[in-house]
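Throughout, a chain's letter reflects where its sequence line sits, starting with A, and its residues are numbered from 1.
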Amino acid sequence: MAYTRTFGEVYGHPEGSWYHNRDDLRAAGLHAERQAGISGTQREGTDAIVLSGGYEDDKDYGDIIVYTGQGGQKEGKQVDHQSFSYRGNAGLVKSQYASLPVRIIRGAVPKSEHAPAKGYRYGGLYRVVSHWYKVRDDGFQVCQFLLVKIGSFFDTEDVIKMFPERNNDIEVETFSSGPPAQRVPTAVNKIQRRATVRNNIKTWHENQCQICNTIIELPIGPTSETAHIRPLGTPHNGPDEEPNALCLCPNDHLRFDHGALYIRDNFEVVDSMWKTTIGSLRVHQQHRINIDYIRYHRNHWFSSGGVP
DNA sequence: GTCCTGCCTTAT
DNA sequence: ATAAGGCAGGAC
């Protein structure tokens with residue numbers, strides 16, 4: 001049974017869920033590996049890690065975690081150096097730079113107050129905020145990662161400053177962040193959107209809004225939204241194809257979806273509340289927009305079908 | 001594609 | 001304590 005790597009929450013497996021063993025974790029889609037602590041690759045990043053007390057340099061403060069990388073061990077003892085270019089370690093570095101959320105799973109560690117008594121418990125999403133080499137007393141260097149729980153009260157910059165001396169362990173005063181928000185399982189019929197359509201639109205327009213030319217910059221890089229001209233949902237049932245899609249910023253996406261903006265046959269963009277032309281839809285040679293969908297959108301919001 | 005290594009396990 | 005164990009990832 002293949003494992004699908006998912007970043008972030010996994011449907012049906014909320015924070016606090018308990019699992020009997022590593023095979024069950026894998027079957028749930030929470031962690032790929034049956035033994036290794038890090039589920040991830042250099043290319044994709046790391047989606048989950050397990051804390052089972054296998055590395056003595058780990059520290060679990062609850063919302064803050066110092067996690068040791070993989071490698072260099074034989075029969076549970078450190079016998080060699082570790083490297084950030086190795087497997088899961090490289091995956092955690094990737095996750096840090098791409099701001100990917102990492103699922104924390106805790107195994108039964110007798111001396112940890114955050115660990116379950118037995119089995120494994122999913123402990124929520126964390127962000128990798130820093131990494132460094134620690135030189136142990138025995139001379140071996142190990143990879144270390146600093147993780148902070150997403151939504152916790154800890155400020156990332158403050159936490160990084162708490163670990164200035166990276167070869168020594170420190171005392172961290174932890175406090176409760178309160179119980180996580182209640183989860184309710186739901187079942188819906190969700191429209192499946194084609195990734196290729198989204199990718200093409202984003203690539204062609206380089207994430208630049210076709211109306212206002214804005215590019216939204218996030219830590220993971222430039223971002224845009226793929227808007228459908230004739231909506232996909234009932235009763236419109238538009239097609240999920242490039243000719244029915246636009247590359248928009250979140251603001252213009254919302255305006256367009258609610259009829260605050262519409263587009264003329266000559267691609268002029270009109271503010272429907274002020275009745276003013278605010279610009280012209282930027283086009284790209286490979287992105288063939290079907291004028292019928294533009295007309296459908298106008299027709300939907302303005303029954304005359306023409307310009308109001 | 002094949003082969004090899006090592007794994008924060010698990011059951012005996 | 002220890003042997004068995006499957007598989008992902010990496011090398012080729």
Q: Round to a whole Å and report the spacing from NE2 of His20(A) to C1' of dT10(B).
A: 10 Å
Q | side-chain hydrogen bond (donor to acceptor under 3.5 Å, both in side chains) partners of Gln42(A), counting only residues at least two apart | A | none
Q) Counting just side-chain N and O atoms, does Arg43(A) come under 4.0 Å of either OP1 or OP2 of dG9(C)? A) no
(Q) Using the side-chain contact (heavy atoms from CB on, under 4.5 Å) definition, which of the options Val102(A), Ile38(A), Asp57(A), Leu146(A) pairs with Tyr67(A)? (A) Ile38(A)
Q: Would you mind classifying the nucleic acid contact of Arg5(A) as base, sugar-phosphate or nothing, using non-hydrogen atoms under 4.0 angstrom?
A: sugar-phosphate
Q | Interatomic distance, Tyr120(A) OH vs dC8(B) P [rounded to whole Å] | A | 11 Å
Q. Taking the six-membered ring for Trp, are the ring centroids of Tyr133(A) and His81(A) within less than 6.0 Å of each other?
A. no
**Q.** Ring-face cation of Arg230(A) near Tyr296(A) (centre distance under 6.0 Å, axis angle within 45°)
**A.** yes
Q) Between dT10(B) atom C1' and Arg26(A) atom CZ, what is the distance in whole Å? A) 16 Å
Q) Lys94(A) has an atom NZ; how far is it from atom P of dG9(C), in whole Å? A) 15 Å
Q | Among Tyr55(A), Trp132(A), Phe84(A), ring-ring contact (aromatic ring centres under 6.0 Å, His included) partner for Phe145(A) | A | Phe84(A)
Q) With Watson-Crick and G-U wobble geometry limited to distances under 3.5 Å, how should the secondary structure of DNA chain B be encoded in dot-bracket form, using | for bases paired to another strand and [ ] for crossing pairs? A) |||||||.||||
Q: Check the geometry between Tyr67(A) and dC8(B) and answer yes if their rings are stacked (centres below 5.5 Å, planes below 30°), otherwise no.
A: yes
Q. When all nucleic acid strands are considered with a 4.0 Å heavy-atom cut-off, which category describes Gly53(A): base, sugar-phosphate, or nothing?
A. base
Q: Can you tell me the distance, in whole Å, between the CG atom of Asp24(A) and the C1' atom of dG6(C)?
A: 15 Å
(Q) From CG of Asp23(A) over to C1' of dG6(C), roughly how many Å is that when rounded to an integer? (A) 9 Å
Q | Interatomic distance, Phe145(A) CZ vs dC8(B) P [rounded to whole Å] | A | 13 Å
Q) Is there a chain of hydrophobic side chains (I, L, V, M, F, W, Y, each step under 4.5 Å between heavy atoms) that links Ile291(A) to Tyr293(A)? A) yes
Q | Counterpart residues, side-chain hydrogen bond (donor to acceptor under 3.5 Å, both in side chains), relative to Asn213(A) (two or more places apart) | A | Arg282(A)
Q: Identify whether any heavy atom of Ser39(A) sits under 4.0 Å from a base atom; if not, whether one sits that close to sugar-phosphate; answer base, sugar-phosphate or nothing.
A: nothing
Q: Take the protein atom CZ of Arg22(A) and the nucleotide atom P of dA8(C), then report the distance between them rounded to whole Å.
A: 13 Å
(Q) Which residues pass the side-chain hydrogen bond (donor to acceptor under 3.5 Å, both in side chains) test with Ser280(A), not counting sequence neighbours? (A) none
Q. What is the per-nucleotide protein-contact pattern of nucleotides 1-7 of chain B, from the 5' end, where B denotes a base atom under 4.0 Å from a protein heavy atom, S denotes such proximity for sugar-phosphate atoms only, and - denotes neither?
A. ----B-B
Q.
According to salt bridge (Lys or Arg N to Asp or Glu O under 4.0 Å), who are the partners of Glu44(A), at least two apart in sequence or on a separate chain?
A. Arg5(A)
